[in-house]
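Okay, so here's the structure we're looking at.
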Amino acid sequence: MAEDLINSYRTGPDEAGRFGIFGGRFVSETLMPLILDLEAEYEKAKTDPAFWAEMDDLWTHYVGRPSPLYFAERLTARLGGAKIYMKRDELNHTGAHKINNVLGQILLARRMGKERIIAETGAGQHGVATATVCARFGLKCVVYMGAHDVERQAPNVFRMRLLGAEVIPVTSGRGTLKDAMNDALRDWVTNVRDTFYCIGTVAGPHPYPAMVRDFQSIIGKEARAQMLAREGRLPDTIIAAIGGGSNAMGLFHPFLDDTSVRIIGVEAGGKGVDERMEHCASLTGGRPGVLHGNRTYLLQDADGQILEGHSISAGLDYPGIGPEHAWLHDIGRAEYVSITDTEALAAFRLCCEEEGIIPALETAHAFAHVMKIAPALPADHLICMNMCGRGDKDIFTVARHLGFEMKV
Amino acid sequence: MTRIDVRFAALKAEGRKAFVAYIMGGDPDHDRSLALMQGLPAAGVDVIELGLPFTDPMADGPTIQRAGQRALEGGQTLALTLAMVRAFRAGDDATPIVLMGYYNPIYSMGVERFVAEATSAGVDGLIIVDLPPEEDAELCLPARAAGMNFIRLATPTTDDRRLPTVLRNTSGFVYYVSITGITGAGAADAGAVAPEVARIKAATDLPVIVGFGIATPEAARAVASVADGCVVGSAIVAKIGSGAPVAEVLGFVADLAAGAHSA
């Protein structure tokens, strides 16, 4: 890596929305004017103190920020190595980091005069956050969710409906997050005039990857200040789980120029990253391609057809990854590893038993990697992992995998 | 001059409207798809749009999504679609062929290799839905340099401010999308389309062809009468999807073509 040639890792994307070769604006002409409008509106909002004052107020009083930086004392003792901190974003209103971004996009939608909000969701956390904020502001909300995910995330589906959202099960493809995103894009292209597409991750056409990252960066900004206050120095390693990669990008971005900080993203290894492709590890098992408005690493076959992948966690079940992660991977500033379903389940249980925290299955992937590396690290090595979501929504899935009969 | 330019010049000289038909390459299977394609010119089709199947056709409605799935399940690949073009060219060197699809299979093959193989196979133009003018360096410019037309979609959201950007590297013809939405949804309203076509024609000398939401010979006639021609896709693909034999599909295409040509 030509480190001396790069002044900062935090300046992307360029004007074309590129991080290196990744990102861009690969959308149909119908959507292009909307994306340009959104970019202009976001650029205005970004430097408008009134916009951030409203965000801060909602983050504080509605979401419950800042989220704590918690020292996981028993897990640290149990693993017997590095000192483990958890950034407790699962304590946010709606139980995950997703609402950080949704608030920003909904405030933008209001500034743009859009009254109908659409969203895609995998695990349902982004859908719940969107439905929540739409209820808070009296906006119409339509959530596209893969039919397979509707089934495996029933509690979140009910939550969204309680909040007044219309949940549309998507049956095209295999009925997961990728297909939900296709149908959300089809809705958007049909209802361009009154509809705002609230994307839940750091993917999609420019400016979404940058905009969602900026809204999620509150995680890393807080964690950085909290660690400095607590330990008097930066963490040595930061770790987060990655589907599209929004919680990870939010944690990573404020640390990118702190080159002493090791950055690790954890992808869903499903049943193992091999030629069977029953995983969702786009960086470790995919190659660059173009989907959903951006160029990034994708799971695909030799003909460029997109593969479905597999993960126990609906939120990670996506064949792509945010373009900034693809770039960080290629330049080597962040490392990306994968964790299997089985390892994530074991981590899920350990976190419940040792810390009294039920993590989301997505989050359990990050924790599983902490379990792998912490024991071999010295006691003064500081790990900060993002506890990006709580696992209440996953108890049915976990129960089924543990062979526990649970009547709903 | 591509075959597209030659064809439109001839249509203009004859004072006729163009009828453009879309079928998905490899749907319902490779052999029947090729047979259909070979039958289109005799059914009155002036320009053939050959769909490239893709797993995630974000701008397409269920009819064309299913056609793509059928083709992919039958083993269709970009290389096989190019082979279809080659086979078609063996018997017809005049009918223009436009490939229509999404970028990833092309990117996966490699732009340089794709452009070389497509031109040698006899492809005349490309419509790649997810490559707006902002991404012209990807494929539009290399394809033009190799002598292919790059046909751009203009839509109801393409306002006067943006229109020059859309037209800048467009050649062959301009494809006006009659509705905001996906293929196979809604119905084109010739009354609403007419001023939009006039607006585009004021900004370019290229023929303007209207597509999306045209399913009957009557609609083909109505829309073609306010433009330089029209495209029918989903209605033909739905007929193929219903299991209709090749001859019956071609009969339906002939009716649509007659509708457009009567304008």
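We name chains A, B, ... by the order of the sequence lines, and we start the count at 1 in each one. Only this structure's heavy atoms are used, side chains among them; waters, hydrogens and symmetry mates stay out.
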- Task: Go through the atoms of A:E308 and report whether side chain, backbone, both or neither lie under 4.5 Å from a heavy atom of chain B.
- Result: neither

- Using modelled atom types only, decide if a donor and an acceptor are shared between the side chain of A:R186 and the backbone of B:P57 within a distance under 3.5 Å. yes

- Item | N/O donor-acceptor pair under 3.5 Å between B:T55 side chain and A:I306 backbone | yes

- Task: Select, from A:A302, A:G24, A:S28, A:S172, the one with the greatest count of heavy-atom pairs under 4.5 Å involving chain B.
- Result: A:S28

- Message: Looking at every non-hydrogen atom in both residues, tell me the closest pair between A:G304 and B:S108 and how far apart they are.
- Response: N-OG, 3.4 Å

- Is a side-chain N or O of B:N104 found less than 3.5 angstrom from the main chain of A:V290, in a donor-acceptor match? yes

- Task: Any chance you could measure B:I182, atom CD1, to A:N182, atom CG, to the nearest 0.5 Å?
- Result: 11.0 Å

- Message: Counting only non-hydrogen atoms closer than 4.5 Å, does B:F54 touch chain A with its backbone (N, CA, C, O), its side chain (CB onward), both, or neither?
- Response: both

- A:E29 pairs by side-chain hydrogen bond (donor to acceptor under 3.5 Å, both in side chains) with which of B:T165, B:T158, B:T155? B:T158

- Task: Answer with side chain, backbone, both or neither: which region of A:A184 has an atom nearer than 4.5 Å to a non-hydrogen atom of chain B?
- Result: neither

- Message: Testing the basics here: between A:V192 and B:T180, what is the closest heavy-atom pair and its distance to 0.1 Å?
- Response: CG2-CG2, 3.7 Å

- Task: Counting only heavy atoms closer than 4.5 Å, note whether B:M58 contacts chain A via side chain, backbone, both or neither.
- Result: both

- A:Q305 versus B:P53, closest heavy-atom pair with distance: NE2-O, 3.1 Å

- Query: Based on non-hydrogen pairs under 4.5 Å, which of A:R295, A:R287, A:H292, A:K178 is most in contact with chain B?
  - Reply: A:R295

- Against chain A, residues from residues 60-73 of chain B with at least one heavy atom under 4.5 Å, in numeric order, are B:D60, B:Q65, B:Q69, B:L72

- Message: I need the contact set between residues 183-206 of chain B and chain A: heavy-atom distance under 4.5 Å, sorted by residue number.
- Response: none

- Message: Distance check, rounded to the nearest 0.5 Å: B:D56 atom CG versus A:M181 atom CE?
- Response: 11.0 Å

- Could you please state which residues from residues 111-140 of chain B sit under 4.5 angstrom from chain A, measuring non-hydrogen atom to non-hydrogen atom, sorted by number, or 'none'? B:V129, B:D130, B:L131, B:P132, B:P133, B:E134, B:E135, B:E138

- Task: Counting only heavy atoms closer than 4.5 Å, note whether A:P205 contacts chain B via side chain, backbone, both or neither.
- Result: neither

- Item | Side chain to side chain, B:R161 and A:P33, heavy atoms closer than 4.5 Å | no

- Can you tell me how far the OG1 atom of B:T157 sits from the CZ atom of A:R193, to the nearest 0.5 Å? 7.0 Å

- Query: Checking heavy atoms, do the side chain of A:L36, its backbone, both or neither come under 4.5 Å from chain B?
  - Reply: side chain

- Query: Could you name the residues of residues 110-120 of chain A that have a heavy atom within less than 4.5 Å of a heavy atom in chain B?
  - Reply: none

